[in-house]
Amino acid sequence: MSRAEDIAEIVTAAHTLTRLAALETRNDAPAAQWRALSVLQTEGPLRVGALATMTRTTQPGMTRLVGQLTESGLVARESDPDDSRATVVTITPAGVAALAEWRVELRAALEPFFADLDDDDWKALSRVARILSARTTPVGAAR
């Protein structure tokens with residue numbers, strides 16, 4: 001398999017894991033919520049349009065989601081320090097806590113799928129996880 005094919009397979013497997021996690025956790029929150037909170041935690045405050053772009057959501061859809069997340073206390077809207085006419089969205093401490101709790105749910109839900117791996121497989125997965133994390137966090141950072 002070529003390197004490009006390996007990368008495509010990793011992305012496909014990650015999407016499958018995401019779907020499995022959603023099914024196994026039975027979490028009712030939309031996936032866009034967790035993507036938005038994750039991006040805000042990693043990238044910091046963002047305008048709605050930028051958040052929509054980074055989470056692959058439409059701007060009207062993100063506007064609705066931000067309204068719901070604001071009502072739930074998971075995000076807050078603040079004045080943009082660079083443009084007083086605009087607002088930015090920021091994750092709140094409650095949003096950070098909810099995201100952390102969701103990630104614990106994910107680990108618990110997916111762990112059984114990997115229970116039969118031996119130590120060598122775990123070492124390989126651990127190395128892959130570190131490499132992927134280094135290449136993707138933060139998303140907007142120059143490499």
Side-chain angles (χ1 to χ4, degrees), residues 1-117 121-143:
M1 199 176 315
S2 73
R3 290 178 178 180
E5 290 169 327
D6 285 341
I7 291 169
E9 191 166 335
I10 289 168
V11 171
T12 300
H15 286 291
T16 301
L17 279 173
T18 301
R19 285 192 304 277
L20 281 171
L23 292 170
E24 293 296 317
T25 62
R26 293 174 175 78
N27 188 300
D28 294 343
Q33 170 180 311
W34 303 120
R35 283 194 310 268
L37 291 174
S38 293
V39 167
L40 289 170
Q41 185 178 46
T42 302
E43 301 294 325
L46 293 169
R47 289 184 180 188
V48 172
L51 184 56
T53 298
M54 293 185 83
T55 60
R56 298 180 55 225
T57 305
T58 65
Q59 187 156 347
M62 183 54 66
T63 298
R64 281 189 302 279
L65 180 61
V66 166
Q68 294 165 353
L69 295 175
T70 300
E71 288 176 21
S72 299
L74 301 178
V75 301
R77 296 179 207 207
E78 302 171 347
S79 295
D80 186 337
D82 298 328
D83 183 352
S84 61
R85 298 168 297 168
T87 60
V88 293
V89 180
T90 186
I91 191 169
T92 64
V96 171
L99 186 58
E101 184 177 313
W102 175 70
R103 288 178 174 159
V104 169
E105 288 178 34
L106 287 179
R107 286 193 301 264
L110 293 176
E111 191 172 24
F113 290 92
F114 299 91
D116 62 340
L117 296 182
D121 287 340
W122 274 114
K123 286 177 188 173
L125 281 181
S126 182
R127 178 155 164 68
V128 168
R130 287 191 308 275
I131 290 168
L132 292 174
S133 183
R135 296 286 174 174
T136 59
T137 306
V139 175
R143 293 190 222 315

- Looking only at heavy atoms, the pair that brings Leu132 and Thr136 closest together is O-OG1, 2.7 Å
- Task: Give every residue pair that meets the side-chain hydrogen bond (donor to acceptor under 3.5 Å, both in side chains) criterion with at least one member in residues 23-37, sequence neighbours excluded.
- Result: Asn27-Glu105
- Task: Write out all pairs satisfying salt bridge (Lys or Arg N to Asp or Glu O under 4.0 Å) with one or both partners inside residues 12-22, taking only residues at least two apart or from two chains.
- Result: none
- Message: Which residue is it: Leu69, Leu46, Val48? I am looking for the one with a side-chain contact (heavy atoms from CB on, under 4.5 Å) to Met62.
- Response: Val48
- Query: Between the side chain of Ser133 and the main-chain N/O of Ala129, is any donor-acceptor distance below 3.5 Å?
  - Reply: no
- Note on the structure: Separation between CG (Leu99) and CD (Glu101), nearest 0.5 Å, reads 10.5 Å
- Message: Could you work out, with salt bridge (charged side-chain N to carboxylate O under 4.0 Å, His left out) as the rule, every residue matching Arg85, not counting sequence neighbours?
- Response: Asp83
- Message: On a heavy-atom basis, which atom in Ala94 and which in Gly73 lie closest, and how many Å separate them?
- Response: CB-O, 3.5 Å
- Residues at least two apart in sequence or cross-chain that pass side chain to side chain donor-acceptor pair (under 3.5 Å) with Glu5, listed by chain then number, are Ser2
- Query: Hey, what do you get for CD (Glu111) to CG (Leu106), rounding to the nearest 0.5 Å?
  - Reply: 12.5 Å
- Item | Nearest atoms (heavy-atom pairs only) where Pro45 meets Val88 | CB-CG2, 4.0 Å
- Here the salt bridge (Lys or Arg N to Asp or Glu O under 4.0 Å) pairs for residues 7-18, sequence neighbours left out, are none
- Item | Inter-residue atom distance Thr42.OG1 - Leu37.CG, 0.5 Å rounding | 10.5 Å
- Thr57 and Leu65, any side-chain heavy atoms less than 4.5 Å apart: no
- Query: Pairs in or reaching into residues 62-82: which pass side-chain hydrogen bond (donor to acceptor under 3.5 Å, both in side chains), with residues at least two apart or in two chains?
  - Reply: Arg47-Asp80
- Query: If every non-hydrogen atom of Ala76 is compared with every non-hydrogen atom of Thr92, which pair is closest and at what distance?
  - Reply: N-CG2, 3.7 Å
- Message: Test your reading of the model: is there a side-chain donor-acceptor pair from Ser126 to the backbone of Trp122, 3.5 Å cut-off?
- Response: no
- Query: If you take all heavy atoms of Leu40 and Val89, which pair is closest and at what distance?
  - Reply: CD2-O, 3.3 Å
- For Phe114 and Leu110 the tightest heavy-atom approach is CD1-O, 3.2 Å
- Message: Using 0.5 Å steps for rounding, measure from the NE2 atom of His15 to the CD1 atom of Ile10.
- Response: 12.0 Å
